[in-house]
Q: 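Let me begin by handing over the structure; questions about it come next.
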Amino acid sequence: MTKITGAVVLARALKQQGVEYMFGIVGFPVIDIAAAAQAEGITYIGMRNEQSASYAAQAASYLTGRPQACVVVSGPGVIHALAGLANAQQNCWPMILIGGASPTYLNGMGAFQEERQVALAAPYSKYAHAVEHVARIPYYVEQAVRTSLYGRPGPAYLDMPDDIIQGKVEADQIVTTGTVGDAPRSQAMPEDVAAALAVLESAERPLVVIGKGMAWSRAEDEVREFIERTQLPFLASPMGKGILSDDDPLSVGAARSHALKEADVVFLMGARLNWIMHFGLPPRFAPGVRIIQLDIAAETIGTNVAAEVALVGDGKAVAAQLNAALVRRPWQYPKETDWRGDLRSQAAGNLEAVAKMSNDNSSPMNYYRAYRDIVEWLPSDAIIIGEGANTMDIGRTQMFNSGPRQRLDAGTYGTMGVGLGFMIAAAVVHPDRPIIGVQGDSAFGFSGMELETAVRYKLPIKLIVLNNGGIGEGVDTLPPDGQYPGTMLTTGAHYEGIMEVFGGKGFYVTDPADLQAALNAAMAFPGPALINVLIHPKAGRKPQPFAWLTT
Ligand code: ADP
Ligand code: MG
């Protein structure tokens, strides 16, 4: 018999479980894992920072619908990658983090990069385990993949000590496992489906909120049918955008605050009443708002506001149940109601306020002026990655998505630094699509070295940096005491030069009149390009009825 190493056993098990992509940074003791993965036909992408690798693995998981892998070295490598585990957990995204570990026979001795990795990963994971035997690697991989994917998705961690990676086993001694199929889809109770429709029928000012749980469950056809049948006004969450097109006449995205505040019934479809949805509480929601909640995780039902009806099940399956009930007993929210009129006029008012800013050609420009040209230029099949404070918040409202899973951003955890990892993952998973990133200058700084990764793998991402020289606001004059404010970054930093030194193409735009030409030239360039756009340090959002992050 021939003996094979733990690295090979691991790579084969990952391949068997449908892992197609592995992102990481190699070093002791995981070099052999990356090589073995490549030998099995898994695409390996070597990154520059473990956080980015971990972010890339979860974006690839969300985009493909299966857990993808990240591999990092022991100790500090795992510590850095924890950022990605936490982000995946908060977003309910799967991924498998594989951490190298010091050899088991040196445990407790102060070995090189020895760390309590399983204990550290556990709070951020659905599953965290150390592999203790080469022959049992496939067992742990199957558990990790299944736990990560089934139910509410989330990350899994596997600890791979050096002696397990290097250890050898006879091929016929290796534990065999089943292959994890796609997640089983569970339905809600039929009486709850009927109750949900009855509550919607009784509403005067109904609102459907479509979240990324529906995007994850690939429920776009069913959700579209549900909205077409019921004609209900809907609001997409940031990453729920595109399940129905943002330009759908029933979308109330342009009247978001008003729609949330005045609705008497809110139907949450795969979305949570967390900070992004202002907890479902006054003053952002009406007191006593009635909630219908569709979610795969029963334990999340009733968070912050008790749900009147709970539809516990898979988004695609439950939306299909609702549609089937509507076939049997059709119902539509009336075409002309005060609520529809109210939402329309709110939206019109908001669009007018924005139009003023979009048409302001002063230099340096404001965000809305920059987005005017970006939006005109954006291809409709682009995957859009948005990150930053104003850059992301304004970008959500300006850049429309016409298809599902075409938007990735700082998400539930509000993580800055995810952007380049997400862009790289999107470019690897969707080589046929334009990958467009729009980052603030602060957000760019967290993972800017990944430009080298993009150039090395010839990933033709187009990254726009909206550069206001600061975190949130920039600084136009130093305070009298001469102290640098904590929000201050270099004004007019030439970030496009970083792209150029690696071999991509850079553009620096100060006058709005030059933006369109730079965007077109970046798109025409066959490789990665960075368009650095100077934004007025004091530019902001249009006036908001509530301060950012208000309850
Ligand atoms: P958003 O940020 O878009 O509002 P959240 O991340 O807050 O979305 O909520 C997504 C919700 O979707 C989570 O509560 C999660 O449990 C749920 N979810 C995940 N997978 C599914 C699925 N297959 N079907 C229904 N709901 C799901
Ligand atoms: Mg900034």
Side-chain angles (χ1 to χ4, degrees), residues 62 65 87-94 126 149-154 182-188 209-219 222-223 235-243 266 268-280 293-304 310-320 367 387-392 394 396 404-405 407-414 416 438-446 465-475 487-493 495 532-540:
Y62 175 66
N87 192 67
Q89 183 182 55
Q90 292 282 328
N91 280 308
C92 309
W93 286 348
K126 277 182 87 179
L149 182 61
Y150 284 15
R152 174 187 264 178
D182 286 341
R185 295 189 184 274
S186 50
Q187 290 190 324
V209 173
I210 303 173
K212 64 180 174 292
M214 302 312 270
W216 165 254
S217 83
R218 274 69 186 160
E222 291 75 10
V223 174
L235 176 71
S237 78
M239 285 192 262
K241 274 157 62 70
I243 292 174
V266 171
L268 291 173
M269 301 184 91
R272 285 171 289 180
L273 291 177
N274 56 19
W275 66 278
I276 292 182
M277 289 296 162
H278 317 288
F279 314 109
Q293 195 174 354
L294 184 170
D295 206 289
I296 199 159
E299 66 276 19
T300 208
I301 302 290
T303 300
N304 298 328
L311 297 173
V312 176
D314 169 69
K316 189 178 175 74
V318 177
Y367 289 99
E387 187 184 20
N390 280 324
T391 300
M392 180 173 72
I394 298 170
R396 274 174 185 157
R405 298 172 296 283
R407 182 180 169 84
L408 298 166
D409 68 22
T412 309
Y413 211 25
M416 293 300 135
V438 191
Q439 292 183 305
D441 52 335
S442 160
F444 170 73
F446 285 89
V465 176
L466 296 186
N467 184 355
N468 68 346
I471 303 171
E473 278 199 346
V475 176
T487 54
M488 183 173 151
L489 298 171
T490 302
T491 303
Y495 297 114
N532 184 10
V533 181
L534 198 69
I535 297 287
H536 193 284
K538 294 295 167 198

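These numbers come from the heavy atoms of this one structure, side chains and all, not from hydrogens, waters or symmetry mates. Start at 1 and go down the list; that is how both ligands and their atoms are numbered.
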Q: Taking backbone and side chain together, does Asn468 place any N/O/S atom at a distance below 2.8 Å from the Mg ion (ligand 2)?
A: yes
Q: Where does Pro238 meet ligand 1, judged by heavy-atom distances below 4.0 Å: at the side chain, the backbone, both, or neither?
A: neither
Q: Answer yes or no: does an N/O atom from Asn91 fall short of 3.5 Å to an N/O atom of ligand 1?
A: no
Q: Distance alone, cut at 3.5 Å: any donor-acceptor contact between the side chains of Asn91 and Thr412?
A: yes
Q: For ligand 1, which atoms sit closer than 4.0 Å to a heavy atom of Pro153?
A: 19 (C), 20 (N)
Q: Can you report which non-hydrogen protein atom sits closest to atom 10 (C) of ligand 1, along with the distance?
A: Gly270 O, 3.1 Å
Q: Quick one: report the N, O or S atom of Asp441 that is nearest to the Mg ion (ligand 2).
A: OD1
Q: Using a distance threshold of 2.8 Å, state whether an N, O or S atom of Gly470 lies below it from the Mg ion (ligand 2).
A: yes
Q: Treating Lys538 as the side-chain partner and Gly474 as the backbone partner, does any N or O pair qualify as donor plus acceptor under 3.5 Å?
A: yes
Q: Work out which heavy atom in Met214 is nearest to a heavy atom in Gly315; give both atom names and the distance.
A: CE-O, 3.4 Å
Q: Would you say Gly313 touches ligand 1, if touching means a heavy atom closer than 4.0 Å?
A: yes
Q: What class does the angle between the rings of Trp216 and Tyr62 fall in, given that below 30° is parallel, 30 to 60° is tilted and above 60° is perpendicular?
A: parallel
Q: To the nearest 0.1 Å, how far is atom 12 (O) of ligand 1 from its closest protein heavy atom, and which atom is that?
A: Gly213 CA, 3.2 Å
Q: Are Arg272 and Cys92 packed together at the side-chain level, in the sense that at least one heavy-atom pair is separated by less than 4.5 angstrom?
A: yes
Q: Of all the atoms in Glu473, is at least one N, O or S atom closer to the Mg ion (ligand 2) than 2.8 Å?
A: no
Q: With the side chain counted from C-beta on, respond yes when Gln293 and Thr303 share a heavy-atom pair under 4.5 Å apart, and no when they do not.
A: no
Q: Decide yes or no for Gln439 and Thr391: does some side-chain heavy atom of the first lie under 4.5 Å from some side-chain heavy atom of the second?
A: no
Q: Please say whether Asp295 places an N or O atom under 3.5 Å from an N or O atom belonging to ligand 1.
A: yes
Q: Give the contacting part of Asn274 toward ligand 1: side chain, backbone, both or neither, where contact means a heavy-atom distance below 4.0 Å.
A: side chain
Q: Quick one: are Leu268 and Leu273 in side-chain contact, heavy atoms under 4.5 Å?
A: yes
Q: At less than 4.0 angstrom from any non-hydrogen atom of Gly211, what atoms of ligand 1 do you find?
A: 3 (O)
Q: Counting only nitrogen or oxygen atoms and a 3.5 angstrom limit, does Ser217 reach ligand 1?
A: no
Q: Test your reading of the structure: does Gln90 have an N or O sitting under 3.5 Å from an N or O of ligand 1?
A: no
Q: Return yes if some donor-acceptor pair links the side-chain N/O of Asn304 with the main-chain N/O of Asn274 below 3.5 Å, else return no.
A: no
Q: Given 3.5 Å as the limit, does a donor-acceptor pair link the side chain of Asn467 with the main chain of Ala493, or not?
A: yes
Q: Distance check, rounded to the nearest 0.5 Å: Asn390 atom CG versus Tyr367 atom OH?
A: 4.5 Å
Q: Tell me, which protein residue and heavy-atom name are nearest atom 9 (O) of ligand 1, and how many Å apart are they?
A: Arg272 NE, 3.3 Å
Q: Between Asp441 (side chain) and Gly470 (backbone), is there a donor-acceptor pair under 3.5 Å?
A: yes
Q: Among protein heavy atoms, which lies nearest atom 20 (N) of ligand 1, and at what distance?
A: Trp216 CD1, 3.4 Å
Q: What protein heavy atom sits nearest atom 2 (O) of ligand 1, and how far away is it?
A: Lys212 NZ, 2.8 Å
Q: Has Lys241 got a side-chain atom pairing as donor or acceptor with Arg396's backbone, closer than 3.5 angstrom?
A: yes
Q: Is it the side chain, the backbone, both or neither of Thr412 that has a heavy atom closer than 4.0 Å to ligand 1?
A: side chain
Q: Have a look at Gly240, Ala271, Ala183 and point out the one with the heavy atom closest to atom 4 (O) of ligand 1.
A: Ala271
Q: Which protein non-hydrogen atom lies closest to atom 23 (N) of ligand 1, naming both residue and atom, and how far is it?
A: Asp314 OD1, 2.8 Å
Q: I need the nearest protein heavy-atom contact for atom 18 (N) of ligand 1: residue, atom name and distance, please.
A: Ile296 CG2, 3.6 Å
Q: Can any side-chain N or O of Lys126 pair as donor or acceptor with the backbone N or O of Pro94 at less than 3.5 Å?
A: no
Q: What do you reckon, does Gly315 have a nitrogen or oxygen under 3.5 Å from a nitrogen or oxygen of ligand 1?
A: yes
Q: List the closest protein heavy-atom neighbour of atom 3 (O) of ligand 1: residue, atom name, distance to the nearest 0.1 Å.
A: Ser237 OG, 2.4 Å
